[in-house]
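Notes follow once the structure below has been shown.
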There are 2 protein chains.
Amino acid sequence: MSLSTTFHALSDPNRQKVLDLLKKKEMAVSEIAAYLNITLPTLSHHLDILKRANLISSRRDGQRILYSLNLSVFEEVSEKIIKFLSLKSKKPKLDNFED
Amino acid sequence: MSLSTTFHALSDPNRQKVLDLLKKKEMAVSEIAAYLNITLPTLSHHLDILKRANLISSRRDGQRILYSLNLSVFEEVSEKIIKFLSLKSKKPKLDNFED
DNA sequence: TGTATATTTAGATGACTATCTAAATATTAT
DNA sequence: ATAATATTTAGATAGTCATCTAAATATACA
């Protein structure tokens with residue numbers, strides 16, 4: 001997953017809210033929706049983007065589908081971003097950019 | 001500046017390269033261009049986006065325009081992003097999102 | 001003053017985004 | 001089986017994005 005894909009996934013306020021919610025606990029779609037002013041299809045779309053960015057996962061529980069943060073991936077990604085933001089990095093290997 | 005604006009500014013690989021270059025030193029547009037496979041107008045556009053996100057500044061030096069990282073802002077922004085990425089954050093005040 | 005160099009602005013294009021309503025799918029309960 | 005609940009998919013729309021070429025602006029040099 002490229003840094004750009006990750007940054008893009010994080011660049012929408014509704015997706016940021018979703019992640020903030022899922023940091024606390026696993027949640028069903030309609031439960032998440034209660035915190036956002038968007039329709040369920042739109043939320044579904046955002047969840048799909050976060051899923052493709054590998055930041056969250058889902059599992060079915062009866063009628064509901066529960067979404068949760070991909071903890072380990074999220075941490076990896078955070079590391080990567082922090083490294084990118086770091087000013088002390090000596091050799092930015094420009095040719096090695098994934099993008 | 002909202003987190004979304006910042007994430008968006010960071011979500012393009014060419015802009016990431018520009019920032020990585022400017023972390024090292026102040027650079028003229030054509031100097032930066034040498035590292036990227038885009039035309040000067042496109043680079044100019046990216047510089048404008050980074051500038052609007054308050055991540056970089058420019059000053060004229062003769063014919064050239066030198067771009068540099070807004071060090072203090074860049075650090076502030078990094079802090080903000082790191083806080084957002086932090087899993088230990090207790091109370092994500094969802095209603096207080098800038099976005 | 002005219003020419004070369006550096007950068008930005010204007011205008012266009014095709015791709016992608018967030019959003020919606022309506023319809024489809026899947027599960028549970030009666 | 002039928003109805004209710006939960007979520008996703010389909011299809012449309014208006015807006016934004018990265019990119020380009022061509023033209024404009026600004027500075028320096030001869």
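Each chain gets a letter, A, B and so on, in the order its sequence line appears, and its residues count up from 1. The analysis underlying the following values was restricted to heavy atoms, covering all of them including side chains, and did not include hydrogens, waters or symmetry mates.
At a threshold of 4.0 angstrom between heavy atoms, the contacts of A:L40 include nucleobase atoms, whether or not backbone atoms are also involved. Residue-level contact check: B:S30 touches the backbone only, with heavy atoms under 4.0 Å from sugar-phosphate atoms and none from bases.
Remark: the backbone N or O of B:A9 is paired with a side-chain donor or acceptor of B:R15 at under 3.5 angstrom. Side chain of B:Q16 to main chain of B:S11: no donor-acceptor pair is present (N/O by atom type, distance under 3.5 Å, no hydrogens or angles). B:R52 places no side-chain N or O within 3.5 Å of a backbone atom of B:T5 that could act as its donor or acceptor partner. Of the possible polar contacts, one joining the A:N70 side chain to the A:N54 backbone as a donor-acceptor pair under 3.5 Å is found. With hydrogens and angles disregarded, a donor-acceptor distance shorter than 3.5 Å links the side chain of A:K23 to the backbone of B:S86. Although no hydrogens or angles enter the test, the distance criterion places no donor-acceptor pair under 3.5 Å between the side chain of B:R64 and the main chain of B:L66.
Here the P atom of nucleotide C:dA26 and the CD1 atom of A:I65 are 11 Å apart, to the nearest Å. Atom CG in A:L43 sits roughly 10 Å away from atom C1' in D:dT7 (whole-Å rounding). At whole-Å resolution of the value, CG in A:D48 and P in C:dA18 are 11 Å apart. Atom-to-atom, CG of A:L50 to C1' of D:dT7 comes out at 16 Å; the value is rounded to the nearest Å. One can place CG of B:L47 at 6 Å from P of C:dT8, the figure rounded to the nearest angstrom. Atom P of nucleotide D:dT8 and atom CG of A:L66 are separated by 11 Å, given to the nearest angstrom. What separates NZ of A:K51 from C1' of D:dT8 is a distance of 10 Å, to the nearest Å.
The only member of B:N14, B:D48, B:V29 that meets side chain to side chain contact (heavy atoms under 4.5 Å, CB included) when paired with B:L43 is B:V29.
The salt bridge (charged side-chain N to carboxylate O under 4.0 Å, His left out) search around A:R59 returns A:E26, not counting sequence neighbours. The salt bridge (charged side-chain N to carboxylate O under 4.0 Å, His left out) search around B:E31 returns B:K25, not counting sequence neighbours.
Under the 4.5 Å side-chain contact rule for hydrophobic residues, B:L36 and B:M27 share a cluster.
For C:dC20, one of the phosphate oxygens OP1 or OP2 lies less than 4.0 angstrom from a side-chain nitrogen or oxygen of A:T39. Phosphate proximity of C:dT8 to B:Y67: present, with a side-chain N or O under 4.0 Å from OP1 or OP2.
Taking the side chain of B:V29 as heavy atoms from C-beta on, and the options D:dT19, C:dT7, C:dT19, the nearest nucleotide is C:dT7.
Other residues sharing the hydrophobic cluster of B:I82, ordered by chain and number and joined by side-chain separations under 4.5 Å: A:I82.
Under 3.5 Å, the side chains of A:K51 and A:S57 contain no donor-acceptor pair of N or O atoms.
Residues from residues 55-64 of chain A with heavy atoms under 4.0 angstrom of DNA chain D, sorted by number: A:Q63, A:R64.
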List every contact pair, protein side and nucleotides 11-18 of chain D side both N or O, where the distance is under 3.5 Å.
| from | atom 1 | to | atom 2 | distance (Å) |
| --- | --- | --- | --- | --- |
| D:dA18 | OP1 | B:R15 | NH1 | 2.8 |
| D:dA18 | OP1 | B:R15 | NH2 | 2.7 |
| D:dA18 | OP2 | B:H45 | NE2 | 3.2 |

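In the helix from C:dT1-D:dA30 to C:dT30-D:dA1, the rotation axis of the first five pairs and that of the last five pairs differ in direction by 10°, rounded to 10 degrees.
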